[in-house]
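Lettering of chains follows the sequences in order, A, B, ..., and the numbering in each one begins at 1.
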There are 2 protein chains.
Amino acid sequence: MPALSLVDRIGAFLPLSTTERAALLELTERERGVRRGATLVRQNERSTELFALKSGMMMGYVLLDDGSRQIVRFLFPGDLLSTNVITYGKAHQTLVAVADSVVAPIDRAQLVEATLRFPRLALALAAIEQTEGAALADRLAGIAKTSARARVAAVLLELRDRMRRSDPAIGDSFVPGLTQEEIGDATGLTAVHVNRMLRKLEDQGLIARMAGRVTILDEPALHRAADRVDRQAGVDLSWLPETREA
Amino acid sequence: MPALSLVDRIGAFLPLSTTERAALLELTERERGVRRGATLVRQNERSTELFALKSGMMMGYVLLDDGSRQIVRFLFPGDLLSTNVITYGKAHQTLVAVADSVVAPIDRAQLVEATLRFPRLALALAAIEQTEGAALADRLAGIAKTSARARVAAVLLELRDRMRRSDPAIGDSFVPGLTQEEIGDATGLTAVHVNRMLRKLEDQGLIARMAGRVTILDEPALHRAADRVDRQAGVDLSWLPETREA
DNA sequence: CGAGTACTTGAAAGATCTCAAATTAGGTGG
DNA sequence: CCACCTAATTTGAGATCTTTCAAGTACTCG
């Protein structure tokens, strides 16, 4: 499975010097496997360790007082996981593998050392945080303002698009790998209602489903159904000056 | 009106050297007033200018396709505004003053120059972004999972707490300064329903209202009503090593 | 004092949830 | 490979929450 690395991800918006690139590669050198369904990090756990996702797919969620679960984000290769430990010293989200995955553990001290030697990497980190924030703001608007049908359509499109980014071979057909309950926890709906909305999208000819696989039949219509603010990437730090290195 | 500055805000989680402090002060030197109701930045506007809020209160919102508005965050003294211009070169949110405010305009080039000279400031920036992200995740969970009554209770508590942070004199009584329609746009509810929920909270003896002023009568009950994940600050970068400065 | 905006309330429509039960799918031990 | 067991999906019906529409009241600003 081809997968974007953290270096690729950062390199796409910031031309890296050889030494910067080497430092990032060194950071993400180690590997740890996470089996589908396994928990990598638990909410509120004290820790100084964060991760770069190298392959697979994970999700981050928070548990509410009433025991319900809000899935905050889906994570794909090239994403940084549990960055909250840098500033909070603990994890804000539980991280669980949706598919078999490989992560690179990074201690925050290592990361910080690298950013102090290569200050532009600290800005790259801030940029990644900003991207997350922008995605979160979009998700917020989506959940607050759109219908159940739109939210389900949106999550399908998001999953397909993000999967495609790390595997360009993915076309209109893909396997979400989530239960309807999980889709519900991501969209703020009950599993029962997610089911009805999937059925409706199917009845309306926007998607087809069989054996856990979803095929997008009418992508323009699905986009319209999702009526999402399309916040195309657009991250660009290439204007940063180069810096002398310590 | 006493108000936290950006330097205070960062200083609270990261002991700053004299020169770091001086650099931050220089960044936020200039001032521009924004009259209540005035728009400082418009969504999607290309720009390289961001702001530090010095006093007052503002809000950031996005407009959806259907013309409705989602208020993404409320901004208080010490907050950075429109940081998206750093990585996107354009504003993701429209920023409007809720009360008469004063901001310090900062060009991203200035900010970046400071962070390259003082790399720890870049990490402070990343930390601020993370705080925003954490708040956003909480808001997301709140809107996705809680009742209208809980959301209204939560927004009242949030406003009171954040106002108190920049003005410790504020007790149980405060002036939100928002219309019910704005509260609705922040919580994903209609103005009509916000009204009903305010009335319900009042009838139940949790709050009192008169002339735009809200008084919290039973704070524990209001907290219970809001059933929010209280993510107390906890940001700490004091463990960062000091760095030699250029 | 008048006009516009915000607030308030009622009634009905619509969306989503809850509860319950039937069906299907996937995984495991024999 | 089969039989069973559990988890996931599917569907129906009624309850609940929120919105919509409509109308009247209160406030604020010029």
If the threshold is 4.0 Å, N to carboxylate O, is there a salt bridge linking [X] and [Y]?
{"X": "D79(B)", "Y": "R162(B)", "answer": "yes"}
{"X": "E45(A)", "Y": "K90(A)", "answer": "no"}
{"X": "E158(A)", "Y": "R73(A)", "answer": "no"}
{"X": "D203(B)", "Y": "R199(B)", "answer": "yes"}
{"X": "R224(B)", "Y": "E219(B)", "answer": "no"}

Nucleotide [N], atom [atom2] - distance to [atom1] of [X] in whole Å:
{"X": "E182(B)", "N": "dA6(C)", "atom1": "CD", "atom2": "P", "result": "8 Å"}
{"X": "R213(A)", "N": "dT9(D)", "atom1": "CZ", "atom2": "P", "result": "16 Å"}
{"X": "E181(A)", "N": "dT10(D)", "atom1": "CD", "atom2": "P", "result": "14 Å"}
{"X": "L178(A)", "N": "dA25(C)", "atom1": "CG", "atom2": "P", "result": "19 Å"}
{"X": "M210(A)", "N": "dT9(D)", "atom1": "CE", "atom2": "P", "result": "16 Å"}
{"X": "K145(B)", "N": "dT18(D)", "atom1": "NZ", "atom2": "C1'", "result": "18 Å"}

Which one, [options], comes nearest to the side chain of [X]?
{"X": "H193(A)", "options": "dC19(C), dG10(C), dT16(C)", "result": "dT16(C)"}
{"X": "R209(A)", "options": "dT9(C), dT10(D), dC7(C)", "result": "dT10(D)"}
{"X": "T179(B)", "options": "dT18(D), dA8(D), dA6(C)", "result": "dA6(C)"}

Just checking G188(B): base, sugar-phosphate only, or nothing, at a heavy-atom cut-off of under 4.0 Å?
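Sugar-phosphate contact only - G188(B) comes under 4.0 Å of backbone atoms but never of a base.
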
Report yes or no: is the cationic atom of R69(B) (NZ for Lys, CZ for Arg) closer than 6.0 Å to the six-membered ring centre of Y61(B), at no more than 45° off its axis?
yes

Toward the 5' end of DNA chain C, which comes first, A211(A) or L189(A), by nearest nucleotide?
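It is L189(A), whose closest nucleotide lies nearer the 5' terminus.
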
First of G212(A) and S147(A) reached from the 5' end of DNA chain C, by closest nucleotide
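First, find each residue's nearest nucleotide; the 5'-ward one identifies S147(A).
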
Taking only side-chain N and O atoms of Q180(B), does any of them lie within less than 4.0 angstrom of OP1 or OP2 on dT8(C)?
yes

Presence of T190(A) side-chain N/O under 4.0 Å of dC17(C) phosphate oxygens OP1/OP2
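Yes, within the criterion.
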
Nearest heavy-atom pair of L75(B) and M59(B): which atoms, and what distance?
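That would be CD1-C, 4.1 Å.
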
Interface with DNA chain D, restricted to residues 194-204 of chain A and to heavy atoms under 4.0 Å:
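Only N195(A), R196(A), R199(A) qualify.
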
